[in-house]
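The chains referred to below are lettered A, B, ... by the order of the sequence lines, with proteins before strands, and numbering in each begins at 1. Bear in mind the structure is a predicted one, so any value in this text is a computation, not a measurement.
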Number of protein chains: 2
Amino acid sequence: MATMHDVARLARVSVSTVSYVLTGARPISQATRDKVLAAMTELGYQPNAMARGLASRRSRIVGLLMPMDERGLGATETAFVTGAAAAASVAGYHLVLSPVGDLDDLRRLASQRMLDGAVLMEVQVEDERVGALQEAGVPLVLIGRTGDTTGLSYVDIDFDQTVREAVAHLVSLGHDRIVYVNHSAAAIAAGYGPAVRTRDAFVAAMTGHGLEPVMITAEDSAAGGRAALTAALAQAPDLTAVLVMNENAIFGILGELTNRGLAVPRDVSVVSMVTSPQVAELATPALTAMTSPGSALGRIAVEALLRHVTGTGDDNHQQLLPCALEVRGSTCPAPATLAVSVSDGSDPTGSGPPGT
Amino acid sequence: MATMHDVARLARVSVSTVSYVLTGARPISQATRDKVLAAMTELGYQPNAMARGLASRRSRIVGLLMPMDERGLGATETAFVTGAAAAASVAGYHLVLSPVGDLDDLRRLASQRMLDGAVLMEVQVEDERVGALQEAGVPLVLIGRTGDTTGLSYVDIDFDQTVREAVAHLVSLGHDRIVYVNHSAAAIAAGYGPAVRTRDAFVAAMTGHGLEPVMITAEDSAAGGRAALTAALAQAPDLTAVLVMNENAIFGILGELTNRGLAVPRDVSVVSMVTSPQVAELATPALTAMTSPGSALGRIAVEALLRHVTGTGDDNHQQLLPCALEVRGSTCPAPATLAVSVSDGSDPTGSGPPGT
DNA sequence: CTGAAAGCGCTAACAC
DNA sequence: GTGTTAGCGCTTTCAG
């Protein structure tokens with residue numbers, strides 16, 4: 001393995017010159033640079049990452065910290081990762097995905113000066129990792145948001161916009177009995193951001209359309225989805241559409257719908273929010289969904305982090321990204337307004353009270 | 001940030017002593033060790049990873065290289081990761097997941113002496129990464145197998161056993177028209193290990209039971225699954241069971257079955273191979289599956305790698321792990337043997353030619 | 001525009 | 001059982 005000395009000797013320059021052509025930290029004449037570059041390629045030189053890191057106090061590694069629970073990475077999260085990795089690679093940084101479950105592990109990783117910065121995924125409202133990294137002096141950017149974002153950089157999904165557009169889509173199809181299946185009650189109670197924010201946004205959106213917001217909570221599993229649909233039908237027997245933000249429950253919901261002889265979308269329209277096209281396509285029919293801005297989230301987070309790390313630019317980047325409506329096969333116009341309504345010609349806006 | 005010198009000074013010992021209590025590379029008296037440890041905690045000392053790496057020529061980082069395509073990590077792959085991370089952590093190593101898509105990126109990573117070793121996931125029959133890492137002198141272990149495994153360490157799933165048990169399960173339930181839905185024809189032609197090995201194992205298993213092996217290929221998507229089921233029914237209209245090893249196609253298969261009014265498991269039993277419980281539970285009914293030895297694969301791979309890296313033990317670990325049959329709701333006894341058979345009492349073994 | 005040399009924080013001989 | 005010290009390969013002053 002050739003070292004910088006070897007390159008310097010071969011190019012007949014000093015080591016510092018070699019170093020400077022590598023880092024670009026000071027101007028080098030074209031002639032010298034060419035000599036050095038030639039020597040490098042001739043020797044197949046690659047700088048030693050550890051030595052660089054020690055001398056420069058910069059590892060050129062940024063971490064993507066994701067709590068890996070058993071559920072695995074959905075396509076959405078995977079998109080974060082690929083987007084982030086690409087952005088890091090472009091900047092000459094390595095992105096390492098650290099499946100740190102343990103807070104102590106994280107503390108260790110951070111204090112060992114192994115990371116120039118970190119992107120946190122799956123951020124909780126009260127996330128201990130934030131404090132741990134700040135104490136260790138590791139710059140960070142969140143994908144998601146903590147409760148108090150003062151002085152923190154983050155990139156997150158615009159849940160308000162997402163819910164609003166999803167509801168608008170259903171309303172424009174004539175639906176007026178829309179049930180929202182959220183994450184679990186426990187998640188909401190714990191203040192899990194996406195669950196809380198979508199809940200509020202749903203209430204606002206429905207109210208804005210003069211409709212009554214009905215929300216059901218669901219455990220993150222197929223069984224949870226089945227139970228949620230059962231509860232939804234109990235609470236709103238005349239529902240014509242369900243809005244879901246729970247990739248783990250959605251298949252249970254669809255299964256239970258089928259079990260009850262309700263066809264999608266003929267009898268019930270379904271919209272899945274913050275969903276990747278891949279998952280949407282798994283269902284039959286494919287799901288109309290609000291597609292998450294997957295790789296963009298990851299890319300933007302890393303770019304903001306690197307700006308922070310290198311001291312280039314704002315160290316307080318806060319940004320929301322929209323989800324895009326992609327209409328597939330799980331939504332269609334609401335079944336002809338209730339027989340009674342049709343027969344008496346009332347309620348053409350479809351915004352009447354339930355049970356009419 | 002406290003350094004080793006600070007610790008040494010506070011404990012009134014030499015730096016080397018501190019270093020040795022850290023590495024355990026030579027015996028230290030209990031008294032000194034205690035002093036040093038006390039000093040360390042008092043200062044909140046954490047060794048600098050870069051300095052250690054430079055001096056010891058060991059980064060204590062092992063890479064888990066996974067080509068991240070858009071599909072994302074299934075629960076199965078995620079289990080590899082968590083198993084591997086846990087094993088690395090226990091040994092005091094960091095596991096970094098490197099989403100290297102580009103071979104040049106990988107070469108760079110390897111030549112920069114950043115990795116003490118690597119575990120390769122999603123191994124292809126002809127995998128360029130193997131050569132790249134070997135040239136760079138990076139020890140490696142595969143999860144999966146290349147075509148020629150001479151001199152290579154690997155851990156893989158025992159596809160023979162998996163197929164054999166899955167078929168045996170169906171046969172024991174009285175099924176005799178079993179269709180296997182494999183990966184795509186292209187994947188098989190390219191020599192994709194799991195596809196080729198399960199194909200051969202399926203033929204062997206069916207033949208062993210005196211049954212005719214019918215295999216259909218499917219693209220890795222819901223649409224591919226739907227098409228495959230259509231093809232399967234065309235080729236074997238009287239099929240009573242389908243065996244699948246394609247997590248992306250399985251939902252398409254199930255959807256198409258429903259579309260055609262075929263109930264699972266009443267009309268058709270379904271077994272999914274190399275599947276995580278999480279995915280199996282997504283379906284309604286939950287899928288009977290051959291559960292993959294997820295985290296064990298990751299753990300064993302890392303343990304083998306670390307033995308290799310530290311020179312402790314065989315650097316040629318080759319091991320196959322079985323999948324476990326977990327019976328859920330998608331299989332049941334075959335529909336009463338064909339009416340004709342029953343009425344004429346023939347073919348009790350169910351091994352007659354198709355179309356009887 | 002280029003060189004010389006002093007570290008970065010740690011490990012691992014080599015001494016005792 | 002412990003101390004001394006020469007590097008590991010690079011970056012970055014400080015000089016020219």
From the list B:Ile143, B:Leu120, B:Leu97, side chain to side chain contact (heavy atoms under 4.5 Å, CB included) with B:Met66 holds only for B:Leu97
Out of C:dG3, C:dC10, D:dG1, minimum distance to the side chain of B:Tyr45 belongs to C:dC10
The residue among A:His94, A:Gln46, A:Arg52 that forms side chain to side chain donor-acceptor pair (under 3.5 Å) with B:Gln112 is A:His94
To the nearest angstrom, the CZ-P distance between A:Arg33 and C:dT2 comes to 9 Å
Practice prompt. Would you indicate whether A:Glu126, at its atom CD, is surrounded by more than 12 heavy atoms from other residues, nucleotides or ligands within a distance under 6.0 Å?
Written response: no
>> It should be established whether A:Thr3 places a side-chain nitrogen or oxygen under 4.0 Å from OP1 or OP2 of nucleotide D:dG9.
In response: no
In whole angstroms, the gap separating P of D:dT12 from CZ of A:Arg58 amounts to 9 Å
Enumerate the protein-to-nucleotides 12-16 of chain C contacts in which both atoms are nitrogen or oxygen and the separation is below 3.5 Å.
unit_1 : atom_1 : unit_2  : atom_2 : d
C:dA12 : N7     : B:Tyr20 : OH     : 3.1
C:dA13 : N7     : B:Tyr20 : OH     : 3.4
C:dA13 : N6     : B:Tyr20 : OH     : 3.3
C:dC14 : N4     : B:Arg26 : NH1    : 3.3

Given the options B:Val119, B:Val123, B:Val155, B:Leu142 meets side chain to side chain contact (heavy atoms under 4.5 Å, CB included) only with B:Val123
DNA chain D nearest-nucleotide lookup for B:Thr32 and B:Leu54: closer to the 5′ end is B:Thr32
Between CG of A:Asn48 and P of D:dG9 the distance, given in whole Å, is 7 Å
When rounded to whole Å, the CZ to C1' distance for the pair A:Arg113 and D:dT11 reads 18 Å
Rounded to whole Å, the CE-P distance (B:Met114 to D:dC10) equals 13 Å
Query raised in the report: Do the side-chain N and O atoms of B:Thr32 and B:Ser29 include a donor-acceptor pair separated by under 3.5 angstrom?
Result: yes
Of the listed D:dC10, D:dG1, C:dG3, the closest approach to the A:Met4 side chain comes from D:dC10
Rounded to whole Å, CZ of B:Arg57 lies from P of D:dC10 at a distance of 11 Å
Please table the atom pairs, donor to acceptor, closer than 3.5 Å between any side-chain atom in residues 34-41 of chain B and protein atoms at least two apart or in another chain.
unit_1  : atom_1 : unit_2  : atom_2 : d
B:Asp34 : OD1    : B:Gln30 : NE2    : 3.0
B:Thr41 : OG1    : B:Leu37 : O      : 3.0
B:Thr41 : OG1    : B:Ala38 : O      : 2.9

Atom CE of A:Met1 and atom P of D:dC10 are separated, to the nearest Å, by 10 Å
Answer with base, sugar-phosphate or nothing: what part of the nucleic acid does B:Val18 contact at a heavy-atom distance below 4.0 Å? nothing
From NE2 of B:His5 across to P of C:dG9 the rounded distance in Å is 10 Å
Here the side chain to side chain donor-acceptor pair (under 3.5 Å) pairs for residues 55-68 of chain B, sequence neighbours left out, are B:Ser59-B:Asp116
